[in-house]
There are 2 protein chains.
Amino acid sequence: MTGQVRTVDGRVAGRRGQATRQKLLDCLSEMLSSSPYRDVKVIDVARKAGTSPATFYQYFPDVEGAVLEVAEEMAKEGAGLTALVSGRSWVGKAGWQAAEELVEGFLDFWRRNDAILRVVDLGAAEGDKRFYKIRMKILNSVTNSLTDAVKDLQSKGKVDADVSPAAMAGSLVAMLAAVASHQKGFQTWGVKQAELKPNLALLVHLGITGKKPVK
Amino acid sequence: MTGQVRTVDGRVAGRRGQATRQKLLDCLSEMLSSSPYRDVKVIDVARKAGTSPATFYQYFPDVEGAVLEVAEEMAKEGAGLTALVSGRSWVGKAGWQAAEELVEGFLDFWRRNDAILRVVDLGAAEGDKRFYKIRMKILNSVTNSLTDAVKDLQSKGKVDADVSPAAMAGSLVAMLAAVASHQKGFQTWGVKQAELKPNLALLVHLGITGKKPVK
DNA sequence: ACTTGTCCTGTCATGCCGTCAGCTTACCGA
DNA sequence: TCGGTAAGCTGACGGCATGACAGGACAAGT
């Protein structure tokens, strides 16, 4: 482990300090949900947490630094997404169920953490390696499992050899992430959640197995 | 048409004014490519354009306002993406070609405009209707054509009736957009452009027709 | 040269950023 | 109980971006 939590100037944080730090993170998280990333100011976060800007700078170098912490917290939870895919069978009815549950779990996770995920996505797209790494951490858990699934099916001759497992898995996961972060958009556009999910599951199934699902 | 370009305080902009305005937009566009959205400041844009912040505020209410203009410009170009899909046949070899060219054209457009598209995506995800509308304008041209394609195949009984054309088209387009904006990410992850494209085309073809392509 | 309307900038009040010294609080050993 | 020490917090300050204004520079027509 990395050891204790430390302040910017090197002191180790005690009980009270950690509580303050966490409160700042929570408030930052709330702010990200309610206002554009660009407009989130240190002073607002501090005010909301009932403390002063100076205190904020004791624990984080800047807003971005704090955002990275929030993202890291979420990434830990996100690692649990592996459970949605690993050890699943992609054959027959089980395959369709696997696809459905993957979509369900993925969209749900994204909806619960949409604000911070938006920012992580932006950071990653802008080429910031720290954000990119966090995004990987979350997505890899799913992507790797899917990659393995495709490789497995390929080795059994059930999937064409010219499919690149990594590219396919990555594309599918990127799709899920994108649709998840624009869920509201789809609704305004006249597509209901209820019809969105089966279609995503269908695409996932088609992508992994190359075949229509048995329902 | 919207008529003449106007300054914030209501004057109509003349030849020189429009040139300055455009220069500011160009410089803003460059800044978006080279630094994080959050760090783009009016003063930097103005300096880069060889003018003063005050001039910037003559033409735009704030950075966001100017970004919307840049996005609008790009959206006009983006409307041309329709050509990639409309009037295409999705049957047999022509279908595979259609999928390949769609992917190719889409990724290319995204790569050329990645900086501004990132910001539009963020704005849309944050629920800003103005950004959302612009995103629609670009994607609709493709999405609608794809929706029609699916509907057409459905009416001929070539695609299952329980597929929702809009949801399917929307998901595919979202996937293309997502993969496009994380192209660099894929590369770092070990997936090459060359294997990415065919896989995307495969997914598009599978999604639209429900069948493996004839190459 | 003079007028007119467009265009740009110097300047200023305001507010956020990021840092520091210094004060308060909690813990601990004697 | 009593310092001593480290943790925790904040007021205050220089610096910089914001956004508004009035006034000067410039081009075009008379």
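Proteins come first, then strands; the chains are lettered A, B, ... in the order of their sequence lines, and each starts at number 1. This one's a predicted model, so the numbers in the text were calculated from it and none came from an experiment.
Across all strands shown, A:Arg16 has heavy atoms under 4.0 Å from sugar-phosphate atoms exclusively, and none from any base. Counting non-hydrogen atoms under 4.0 angstrom, A:Phe56 reaches nothing in the nucleic acid.
For the 3.5 Å distance criterion, the side chains of A:Arg88 and A:Gln97 fail to qualify, holding no donor opposite an acceptor. Inspection of the A:Asp26 and A:Gln22 side chains reveals an N or O donor paired with an N or O acceptor under 3.5 Å.
Judged by distance alone, with hydrogens and angles left aside, the side-chain atoms of A:Arg38 form a donor-acceptor pair with the main-chain N or O of B:Tyr37 at under 3.5 Å. Between the side chain of A:Arg135 and the backbone N or O of A:Gly123 there is no donor-acceptor pair closer than 3.5 Å. Side-chain atoms of A:Ser86 do not come within 3.5 Å of backbone N or O of A:Ala83 as any donor-acceptor pair.
Under 4.0 angstrom from either OP1 or OP2 of C:dT9 there lies at least one side-chain N or O belonging to B:Thr51. For the OP1/OP2 pair of C:dC8 and a distance below 4.0 Å, the side-chain nitrogens and oxygens of B:Thr20 include at least one atom meeting the criterion.
Taking atom OH on A:Tyr59 and atom C1' on C:dG18, their separation rounds to 17 Å, with Å as the unit. Remark: P of C:dC8 and CZ of B:Arg15 are 14 Å apart, rounded to the nearest angstrom. Rounding to whole angstrom units, CZ of residue A:Arg11 and P of C:dC27 are separated by 15 Å. Atom pair A:Asp9:CG and C:dG22:P shows a separation of 16 Å (rounding to whole Å applied). C:dG18 atom P lies 4 Å from atom OH of A:Tyr57, rounded to whole Å. With rounding to whole Å, A:Asp39 atom CG is found 14 Å from C:dG15 atom C1'.
Read 5' to 3', the first and last nucleotides of DNA chain D with an atom closer than 4.0 Å to a heavy atom of chain B are D:dA17 to D:dC21.
Mapped onto DNA chain C by nearest heavy atom, A:Pro53 and A:Arg47 fall at different nucleotides, with A:Arg47 at the one closer to the 5' end.
Interatomic distance, CG of A:Leu25 versus CD of A:Glu69, reported as 6.5 Å (0.5 Å rounding).
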Practice problem: Take A:Phe186 and A:Gln193 through the test side-chain contact (heavy atoms from CB on, under 4.5 Å) and record every step on the way to the result. | Solution: CA-CA 8 Å; A:Phe186 273 90; A:Gln193 282 272 331; over 6 Å; no
